[in-house]
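In what follows, a single structure is set out as structure tokens and then discussed.
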Amino acid sequence: MTNTNPESSDVLTASNFLRDLIAEDARTKKFGAAAIQTRFPPEPNGYLHIGHAKAICLDFGLADEFGGKTNLRFDDTNPEKEEQEYVDSIQQDVRWLGFEWERLCYASDYFPQLYEWALQLIKAGKAYVDDLTADQIRQYRGTLTEPGKDSPYRNRSIEENLDLFQRMRAGEFPDGSRVLRAKIDMASPNLNMRDPVMYRILHATHHRTGDAWCIYPMYDYAHGQSDSIENVTHSMCTLEFADHQPLYRWFIEQLGIFPSQQFEFDRLNITYTMLSKRKLLQLVQEKRVRGWDDPRMPTLSGFRRRGFTPQAIRTFVAAAGVSRTNGSTDVEMLEHFQRDDLNRRARRAMAVLHPLKLVIDNYPEGQVELVEVANNPEDPTAGTRQVPFSRQIYIEQDDFREAPPPKYYRLSPGKEVRLRNAYFVTAQSVVKDAAGNVVEVHCTYDPLSRGGNSPDGRKVKSTMHWVSAAHAISAEIRLYDKLFTRADPSDYPEGGSFLDNLNPHSLEILSGAKLEPSLAQAKLGEPFQFERVGYFCLDPDTSEGHLVFNRTLSLKDSWARIEKKAGA
RNA sequence: UGGGCGAUCGUCUAAUGGUAGGACAGUGCCCUUUGGAGGCACUUGUCCAGGUUCGAAUCCUGGUCGCCCAGCCA
């Protein structure tokens, strides 16, 4: 019964190419006395999602494993998209995942240094101010198959470049009128090397530097130099930046600064899940979801609110592995590791989502018994609690069938089942409403079966959860399903959009659920297993007198599978 | 049709010239006071064609297929 679960610990240290590479560099002291140094470099233009969790686990996890340190560095070079709200949420989410940074850094901290280095490159004849419009620059860049051509401004004198760049910085020119470009090779087969833009003019207020700057460095000019300033030894990023690596190296070599190195790995993709910041922002802005932390969102804040745990997310990320292939991991794997984690830690409770009244005709009117129930059968140290039992209780509508199908072991007329931790009961009759729906089931109980076993040793096929009607508390229950109906949400027909794949039934709200009284004391962040139903947690929307529970995940339901197969 | 990267069970991922293994999913059985959990078993794979080698997922050659790049985004 007890699950020691060696698998999740093995999974955390399984071989992968980045671990091998860093292990080797640490062993050979490739960077001399310098320790392994990494960084996690989010742009504060959105909330972190589970794809970022992979990068975080790699950046922080691998550094830690080899005695290194990790900085959290905000890649805040574009004031038009970045906000303090995101800076705050990102820090919260990284900590929630269980990591702590060595230093909190901002690319914007390096604006003065970056500017000095730009002057240095201009003086070395390696950068120039270009007056071409954005449109013209695109035309001059050439195409994938044709080389570009030099800008007419490419051969300005160093003096003129210096003067113009300083005046750009001084705010003499309007947005978009000029840029600073690296002078590399307009005929390079790698478009990133065709005189990339280093600085653009943006008269925008930055969330940290305010109006101190009106020129902002581009990613390519800022990122590698920021790594270098921080003595980052292993700069890990996703595959789409592989083409930028020659440029990353070029700036570092021209400047002769600390030789940080970039390594690329594959992005995390999960079936039925959208992991694009831009599209997640769209879902929020168009109110397709209730916010960044909507429990259906793949954001870390969404997972947190949904009841997912950082431990499970980390185990999943490790289990999904890292490579250089692009694929999509089954969402079932994530759910598996989450159930595995919750199964070990969640307190059990009884809750009836769709109540059906069960009256025990031969149980004494007005009598209340307290039955002892284990808080977690997986963990004896979790203790027990007392749950009230009485003559009228609620059971799940699904747990009674007037005409039971084959292999249906639950309650039906004449059948005996066990009420968990309480008594054996046998259904005797039903009460129906005008429409013919069963609204009440009458049964008899065996007083000798208290605790759930009969002294004569007879067996029952089924055990059901229940809640005493007089003692039940009410709650709103929010059931979540996949946000998208397609394994690949970005696969939509011509002329459509990923929104067409939104699952209209991703949220179902139940208002009449009946819970055992102990659940009134549930705390935010505390995981529960509602026995036979699923894992749940209290939602922050809970208010005085109004409990709201989120379903984190359902329990695997073998009967549902049997029924589905029979129907199919 | 320029450049870069990649291809191993349905999915994700190991094997670094020497027995193709694990996890998830699936199937069957056992167990069960959660039809949960757990246990056991089974199925399925090296993109293709050549070559090197005693031996190839791994090395070589040629194909095929997929992803990324033409932002003053990151």
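By convention in this document, chain letters (A, B, ...) are assigned in the order of the sequence lines, proteins followed by strands, and residues within each chain are numbered from 1. Only a predicted model underlies this, so the values are computations on that prediction, with no experimental measurement involved.
- Going from atom CZ of A:F316 over to atom P of B:C24 covers 13 Å, rounded to whole Å.
- Atom CZ of A:F40 and atom C1' of B:A74 are 12 Å apart (whole Å).
- Using a 4.0 Å heavy-atom distance criterion, A:L419 is classed as making no nucleic acid contact.
- Side-chain contact between A:V94 and A:L48: present, with at least one pair of heavy atoms (C-beta onward) separated by less than 4.5 Å.
- Of all nucleotides listed (B:A74, B:G71, B:U27), B:A74 comes nearest to the side chain of A:D75.
- Within 4.0 Å (heavy atoms only), A:V197 reaches sugar-phosphate atoms of the nucleic acid but no base atom.
- Within the 4.0 Å cut-off from OP1 or OP2 of B:U34, not a single side-chain nitrogen or oxygen of A:H465 is found.
- Side-chain N/O atoms of A:K564 include none lying less than 4.0 angstrom from OP1 or OP2 on B:G35.
- Position along RNA chain B of the nearest nucleotide to A:A319 versus A:Y199 favours A:A319 as the more 5'-ward residue.
- One atom, CG of A:L247, and another, P of B:A74, lie 13 Å apart when rounded to the nearest Å.
- For the pair A:R561 and B:U27, the criterion of a side-chain N or O lying under 4.0 Å from OP1 or OP2 is met.
- Proximity of A:R138 to the phosphate of B:C72: no side-chain N or O atom is located under 4.0 Å from OP1 or OP2.
- Checked against side-chain hydrogen bond (donor to acceptor under 3.5 Å, both in side chains), A:T238 has the following partners two or more places apart in sequence or in another chain: A:E240.
- Applying the side chain to side chain contact (heavy atoms under 4.5 Å, CB included) test to A:C237 and every residue at least two apart in sequence or in another chain returns A:F241, A:Q262, A:E264.
- The shortest distance between the side-chain N/O atoms of A:K54 and the OP1/OP2 oxygens of B:C12 is not below 4.0 Å.
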Under 4.0 Å protein heavy-atom contacts per nucleotide of nucleotides 1-6 of chain B, with B for base, S for backbone only and - for none: -BBSSS
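- Between B:U8 and B:C72, the two C1' atoms lie 44 Å apart (nearest whole Å).
- Side-chain polar atoms of A:N376 and A:R347 form no donor-acceptor pair below 3.5 angstrom.
- Counting heavy atoms from C-beta outward, A:R348 and A:E378 have side chains that approach closer than 4.5 Å.
- With sequence neighbours left out, the side-chain hydrogen bond (donor to acceptor under 3.5 Å, both in side chains) criterion links A:T426 to no other residue.
- Between A:R532 and B:G35 there is a side-chain N or O to OP1 or OP2 distance below 4.0 Å.
- You'll find that the side chain of A:H336 is closest to B:C24, out of B:A74, B:C24, B:G36.
- Within the 4.0 Å cut-off from OP1 or OP2 of B:U11, not a single side-chain nitrogen or oxygen of A:T329 is found.
- Look at CZ on A:R345: it is 22 Å from P on B:G36, rounded to the nearest Å.
- RNA chain B forms stems at B:2-7 with B:64-69, B:10-13 with B:21-24, B:26-30 with B:38-42, B:47-51 with B:59-63, each a run of 3 or more consecutive Watson-Crick or G-U wobble pairs whose two key distances fall under 3.5 Å.
- Every residue meeting the ring pair (Phe, Tyr, Trp, His ring centres under 6.0 Å) condition with A:Y423, not counting sequence neighbours, appears here in chain and number order: A:F389, A:Y445.
- Residue contacts for A:R339: at a heavy-atom cut-off of 4.0 Å it reaches no nucleic acid atom on any strand shown.
- At B:A15, one or more side-chain N or O atoms of A:S15 fall inside 4.0 Å of OP1 or OP2 (strictly under the cut-off).
- Checked against the 6.0 Å centroid threshold, A:Y248 and A:H244 do not count as a close aromatic pair.
- In terms of polar N and O atoms assigned as donor or acceptor, the side chain of A:E378 comes within less than 3.5 Å of the base of B:G36 in a complementary pairing.
- For A:E43 and B:C73, the CD to C1' distance is 7 Å, given to the nearest whole Å.
- Looking at heavy-atom distances under 4.0 Å, A:V460 makes no contact with the nucleic acid at all.
- When heavy atoms are screened at a 4.0 angstrom cut-off, A:Q529 is found touching base atoms of the nucleic acid.
- Side-chain contact check for A:F265 versus A:R324: every heavy-atom pair is 4.5 Å or farther apart.
- Residue A:L132 is classed as a base contact, given a heavy-atom separation below 4.0 Å to a base.
- At the heavy-atom level, A:I562 lies under 4.0 Å from base atoms of the strands shown.
- Between A:S558 and A:D175, the residue anchored nearer the 5' end of RNA chain B, judged by the nucleotide with its closest heavy atom, is A:S558.
- A donor-acceptor contact closer than 3.5 angstrom is absent between the side chains of A:S228 and A:Q225.
- The interatomic distance linking A:I270 (CD1) with B:C24 (C1') rounds to 13 Å, in whole Å.
- Considering A:T38, A:D59, A:D227 as possible partners of A:S235, the one that fulfils the side chain to side chain donor-acceptor pair (under 3.5 Å) test is A:D227.
- Contact annotation for A:M218: backbone-only contact, meaning every heavy-atom pair under 4.0 Å involves sugar-phosphate atoms and none involves a base.
- One finds no side-chain N or O of A:R420 lying less than 4.0 angstrom from the OP1 or OP2 phosphate oxygen of B:G36.
- Side-chain nitrogen and oxygen atoms of A:R267 include none within less than 4.0 Å of the OP1 or OP2 phosphate oxygen of B:A74.
- Within 4.0 Å (heavy atoms only), A:G176 reaches at least one base atom of the nucleic acid.
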